[in-house]
Amino acid sequence: MLIWLVSTISPAVAAQGEHGRRAGAELQVLAGDIRTLLREEARADKNAVVLKGLVDRIRGGLSAADILLRLADQEADRAPVSYIEPLQKAHEYADQQHWNHLLALLASLSKQFPLRQPFFPDSAELRESAHKLHISYCAGCHDTPAQGVERPAYNLHQQASSITVIEFYARMLVGVRGDRVTGIDNPLSDADIAGLIYFYRSEEAAIDKN
Ligand code: HEC
């Protein structure tokens, strides 16, 4: 059993550096935000404030992408490349609201900057500590989200159940900010994140919200 676990952690997974991971995660979140925007726009009761929040997030993500991608290249010892041109194109697509073109462009960048989720075996212990973590540090804001604000704190169980695991993992990397003490770094360990993902995607989390 132990041998099997060790052999499933490939060197590529172990080798993903912080910048590579950050770049991969930001690209996944950007694409996810565009998919959310398209879904929200199609709703009969669409909310202008929420739509504006999403477009602002997408624009902010595109503006930050150049530096993130270059840092990831540098970290992986790849030759320096400028991403200004594809990102200018990306901003144009956003201006023209050609969201599907933008999704395609992001998908091709994601191939260059994949996000790999470290593997932790699911266990009752991992979920239990995630549950406690959630109650202590996350539930206050996320379990009863304010509606109709530009940047809502979503119900994490609902969010985890409605998007792909990799997109949710990316959101856990990008979206969880530290407090004043830890600055802007994500305070959660890889094991915390894995446990929270198992927890949020589980029935226990759904029952907890009732
Ligand atoms: C002080 C309130 C607060 C606390 C505490 C908090 N969050 Fe959040 N969280 C937010 C808000 C508000 C957003 C939306 C921010 C934005 O869109 O820029 C957010 C965003 C997120 C996102 C990204 C969602 C997305 O759509 O991309 C994730 C994931 C997340 N939080 C998880 C957590 C977890 C896990 C914890 C506990 C360890 C936690 N948060 C604690 C308020 C909070």
Side-chain angles (χ1 to χ4, degrees), residues 22-69 83 86-107 109-110 115 133-180 182-188 193 196-197 199-201 205-206 208-210:
R22 181 83 196 184
E26 291 281 356
L27 291 171
Q28 292 285 337
V29 170
L30 263 168
D33 282 347
I34 296 167
R35 288 191 294 267
T36 309
L37 178 71
L38 292 173
R39 245 190 343 262
E40 289 291 324
E41 275 184 336
R43 282 167 63 127
D45 60 342
K46 60 184 167 194
N47 183 311
V49 177
V50 172
L51 291 176
K52 178 177 181 300
L54 281 164
V55 172
D56 286 351
R57 256 177 74 138
I58 293 163
R59 290 203 169 275
L62 289 176
S63 302
D66 181 47
I67 180 85
L68 291 175
L69 303 186
Y83 294 95
L87 290 171
Q88 245 163 21
K89 196 87 214 152
H91 276 291
E92 276 168 39
Y93 288 148
D95 288 341
Q96 299 154 356
Q97 302 186 11
H98 287 170
W99 302 117
N100 285 319
H101 287 82
L102 184 48
L103 276 177
L105 193 154
L106 290 170
L109 281 173
S110 278
L115 176 62
L133 199 85
H134 173 76
I135 302 286
S136 311
Y137 297 107
C138 322
C141 295
H142 283 278
D143 280 8
T144 43
Q147 303 290 329
V149 296
E150 271 191 28
R151 299 190 159 211
Y154 292 109
N155 174 310
L156 293 167
H157 170 258
Q158 277 168 12
Q159 191 174 38
S161 315
S162 64
I163 59 181
T164 60
V165 179
I166 196 76
E167 182 186 331
F168 189 64
Y169 171 60
R171 290 187 182 280
M172 291 288 284
L173 288 177
V174 171
V176 183
R177 307 272 150 68
D179 56 20
R180 280 194 199 140
T182 53
I184 57 160
D185 289 340
N186 189 323
L188 301 175
I193 292 178
L196 284 166
I197 293 174
F199 170 67
Y200 291 134
R201 291 177 62 86
D208 225 38
K209 305 292 165 296
N210 291 330

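In what follows, every heavy atom counts, from backbone to side chain, and hydrogens, waters and symmetry copies are set aside.
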For side chain to side chain contact (heavy atoms under 4.5 Å, CB included), just list the numbers for Val165 and Ile197, CA-CA rounded to whole Å, side-chain angles, deciding distance to a tenth of an Å, and then say yes or no. CA-CA 8 Å; Val165 179; Ile197 293 174; 4.2 Å; yes
Enter the distance from [X]:[atom1] to [Y]:[atom2] here, rounded to the nearest 0.5 Å.
| X | Y | atom1 | atom2 | answer |
| --- | --- | --- | --- | --- |
| Leu196 | Leu156 | CG | CG | 8.5 Å |
| His142 | Tyr137 | NE2 | OH | 15.0 Å |
| Leu54 | Glu41 | CG | CD | 9.0 Å |
| Leu109 | Leu69 | CG | CG | 6.0 Å |
| Gln159 | Phe168 | CD | CZ | 5.5 Å |
| Leu106 | Asp33 | CG | CG | 10.5 Å |

Heavy-atom pair of closest approach, residues [X] and [Y]:
| X | Y | answer |
| --- | --- | --- |
| Ala31 | Leu103 | O-CD2, 3.6 Å |
| Ala153 | Cys141 | CB-O, 3.7 Å |
| Leu105 | Pro86 | CD1-O, 3.7 Å |
| His157 | Ala205 | CD2-CB, 3.5 Å |
| Leu68 | Glu26 | CD1-CG, 3.3 Å |
| Ala25 | Leu173 | CB-CD1, 3.9 Å |

Side-chain contact test, heavy atoms from C-beta onward, threshold under 4.5 Å: evaluate it for [X] versus [Y] and give yes or no.
| X | Y | value |
| --- | --- | --- |
| Gln28 | Thr164 | no |
| Leu37 | Leu51 | yes |
| Leu30 | Leu62 | yes |
| Val174 | Arg22 | yes |
| Glu40 | Arg43 | yes |

For Lys52, what residues pass the salt bridge (charged side-chain N to carboxylate O under 4.0 Å, His left out) criterion, not counting sequence neighbours? Asp56, Glu150
In terms of heavy-atom contacts, does OH of Tyr83 have more than 12 from other residues, nucleotides or ligands at under 6.0 Å? yes
With no hydrogens and no angle check, is any side-chain donor or acceptor of Arg201 less than 3.5 Å from a backbone partner on Ser161? no
Mind checking side-chain contact (heavy atoms from CB on, under 4.5 Å) for Ala65 and listing every partner two or more places apart, or none if nothing turns up? Leu87
Start with the C-alpha gap between Gln88 and His91, add the side-chain angles, then the distance that decides, and say whether side chain to side chain contact (heavy atoms under 4.5 Å, CB included) holds. CA-CA 5 Å; Gln88 245 163 21; His91 276 291; 5.8 Å; no
Please identify each residue that fulfils side chain to side chain donor-acceptor pair (under 3.5 Å) with Arg35, with sequence neighbours left out. Glu167
Could you walk me through whether His101 and Tyr93 pass ring pair (Phe, Tyr, Trp, His ring centres under 6.0 Å), step by step? CA-CA 7 Å; His101 287 82; Tyr93 288 148; 5.2 Å; yes
Would you say His134 and Asp143 are linked by a side-chain donor-acceptor pair, where the criterion is simply a distance under 3.5 Å? yes
Should the pair Asp95-Arg59 be classified as a salt bridge under the 4.0 Å nitrogen-to-oxygen rule? yes
